[in-house]
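All values below were derived from every heavy atom in this structure, side-chain atoms included, with hydrogens, water molecules and symmetry-related copies excluded. Convention: sequence-line order gives letters A, B, ...; per-chain numbering from 1.
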Amino acid sequence: MTSNALLKVTDLNVSYNKLHVLFNASIEVNKGEVVVIVGRNGAAKTTFFRTIAGFLKQDSGTILFKGKDIGNLPAYDIAISGLKYIHQDKHVFADLSVKENLELGSYATKDYNWDRVLEHFPKLKTLMDRKGGNLSGGERQMLLMAQSLLGTPDLILMDEPTEGLAPHFIDDLKAAFKKISQETTMMIIEQNLPLTAEVADRVYAMKEGKVVAEITEKKEIQALTFEKYL
Amino acid sequence: MDKSFLSYIRGPIVMIALLVAARYLFPNKMTFLFEVSTFGIYIIANDILYGYMGMVSFGQPFYLGIGAYTSAIYLAHIGHNIFVAIGLAIIMGLLAGLLFGPAYIRLRGDYFALINAATCAMGLFMVEKILYPITNGDDGLWYRSRFHETPFLDLRKPADVFWFTMIVLFLVLVFYTWLDRSTLGAGLRGIKASESKMKFLGYDTFKLRWTGFTIMTILASLAGSLYAINYGFVNPSITEPARAAEVLVATLLGGGGVYGPIFGTLAFMGIKDFVSSFMDRWELAVGVLTIIVCFKFKGGVWGTLQTIGAKFKTGKAKPADAVSGENAG
């Protein structure tokens with residue numbers, strides 16, 4: 001493991017009241033990597049992401065982002081510092097147009113360079129005046145990714161981005177992941193194992209609240225050897 | 001979206017022109033039109049809270065009362081300048097937002113509604129009992145004879161107060177048009193849709209809600225001040241918690257959007273004015289209309305008009321939520 005990791009989480013423990021759900025989770029994410037977290041439902045993957053993004057407070061453990069402890073920062077400060085989180089529910093602002101959704105992303109980050117962002121999702125250019133609530137699941141996911149790319153974040157956490165999407169949207173997103181990974185680091189929770197094999201540089205397997213395996217060899221990832229840990 | 005200066009003032013000019021035309025078409029309805037204008041500002045204030053941020057308050061009369069009593073107390077005991085009275089009411093509205101906001105906006109749903117109701121009840125008790133020496137309690141304050149003449153428009157005269165109110169309403173509508181199209185407005189609506197998502201984007205939602213709350217208190221206080229100046233009289237009934245329902249019903253009837261509050265006010269005050277001429281309990285008609293709106297016209301008056309307009313324009317109606325969703329409550 002390298003010591004100059006972009007994100008370094010050490011011995012993270014999280015509980016919901018008295019229910020301990022995440023146990024001594026440790027991971028590292030290096031700049032430029034695509035890291036995928038795999039695991040069955042209930043493995044505490046989302047809890048892990050929400051804690052890193054500042055929406056849950058850990059019982060113990062440290063979260064270092066760009067060398068700074070972000071474990072006690074509020075979620076909005078973490079987002080502004082360059083760590084964006086795209087939630088699993090594909091929740092865009094339904095009453096706002098695509099343009100207004102992007103404006104909200106721009107205002108927070110002071111980044112109004114939409115051309116750079118929309119290059120990855122050209123379809124959004126044709127949907128600018130459509131209300132978020134009238135977008136399909138795939139279009140919402142594109143909007144969320146475009147929104148999160150504003151401000152050029154150092155790391156994007158994506159929670160099951162392909163869940164429930166039509167196959168052609170998954171292909172589009174896969175292509176987008178590859179392009180986006182050239183400009184930013186990504187950490188993805190994904191249940192789609194073939195997709196994981198294709199995009200991941202590093203895979204962590206989680207089971208029952210614990211990180212049970214780390215796979216860094218591309219051959220092993222492509223051979224889906226991590227499946228045995230699930 | 002057209003963001004030219006003209007696009008911000010076009011709608012407000014039309015709205016004011018309609019009110020002015022009504023004033024000449026129905027000369028005996030000037031008081032009614034004045035009430036629609038001031039109540040409209042009050043409903044705009046509530047729409048920021050309810051329509052934009054999704055926060056229901058049962059204490060709006062308190063914020064209206066702050067403006068009304070600030071102007072009334074100044075004019076009855078301290079000074080004679082009406083513009084100073086309005087300025088003081090705006091300042092008090094600002095202070096109320098800055099003071100109460102940080103505590104109240106931490107609460108959600110029922111708790112936010114009820115803490116405002118409790119504040120309103122305390123406000124009523126204060127003006128009736130604790131501040132009796134300066135408010136005259138239930139007897140109220142009378143101060144019209146103390147007004148000094150004002151330049152340009154002599155606000156001692158009801159006709160000039162009407163024109164002054166039109167100017168104020170115009171400015172409020174221009175501000176409200178700007179808010180509706182601004183990132184601040186989108187941010188406030190974003191809070192209603194998903195506060196978590198706003199935090200993911202990097203927004204300090206506490207500050208956003210506080211800003212929205214303070215805009216609400218300023219506008220409500222301004223409306224109260226206009227009321228106090230037009231009638232030259234204020235009594236505690238203006239702050240009665242029971243009157244909080246009026247604000248919510250009018251906001252609901254309007255249905256959000258820039259002009260929803262004005263149409264909601266027109267519907268509410270219109271029914272009150274019309275039905276009360278032949279029936280004591282005009283509230284019954286408002287109640288029935290509110291039930292109909294809740295079940296059949298969720299976009300309110302303005303949302304329904306927009307749907308009809310879209311139908312004429314394109315030959316088919318937009319989905320109701322696409323219209324009412326603008327910032328409907």
(message) Just so I know, are the side chains of B/K197 and A/Q147 near enough to count as touching, which here means a heavy-atom distance under 4.5 Å?
(response) yes

(request) Decide yes or no for B/L184 and A/Y107: does some side-chain heavy atom of the first lie under 4.5 Å from some side-chain heavy atom of the second? (result) no

Could you check whether atom [atom1] of [X] has more than 12 heavy atoms from other residues, nucleotides or ligands sitting under 6.0 Å from it?
| X | atom1 | answer |
| --- | --- | --- |
| B/F295 | CZ | no |
| A/F23 | CZ | yes |
| A/E183 | CD | yes |
| B/F58 | CZ | no |
| A/R40 | CZ | no |

(request) Could you check whether the rings of B/F200 and A/H87 sit parallel, tilted or perpendicular, using 30° and 60° as the cut-offs? (result)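 Rings of B/F200 and A/H87: parallel, as their planes differ by under 30°.
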
(request) List the steps and the verdict of side-chain contact (heavy atoms from CB on, under 4.5 Å) for A/E100 and B/R189. (result) CA-CA 11 Å; A/E100 288 171 321; B/R189 280 182 267 160; 4.1 Å; yes

(request) Determine which residues belonging to residues 62-81 of chain A lie within contact range of chain B, meaning some heavy atom pair is under 4.5 Å apart, and list them by number or answer 'none'. (result)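 From residues 62-81 of chain A, the residues near chain B are A/A75, A/Y76, A/A79, A/I80.
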
(message) Counting only non-hydrogen atoms closer than 4.5 Å, does A/I86 touch chain B with its backbone (N, CA, C, O), its side chain (CB onward), both, or neither?
(response)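 When you check distances to chain B, no heavy atom of A/I86 falls under 4.5 Å.
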
(message) Would you compute the distance between atom OG of B/S182 and atom CD of A/E103 and round it to the nearest 0.5 angstrom?
(response) 9.5 Å

(message) Looking at every heavy atom in both A/A108 and B/L201, which two are closest together, and how far apart are they?
(response)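 So the minimum-distance heavy-atom pair works out to CB-O, 3.3 Å.
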
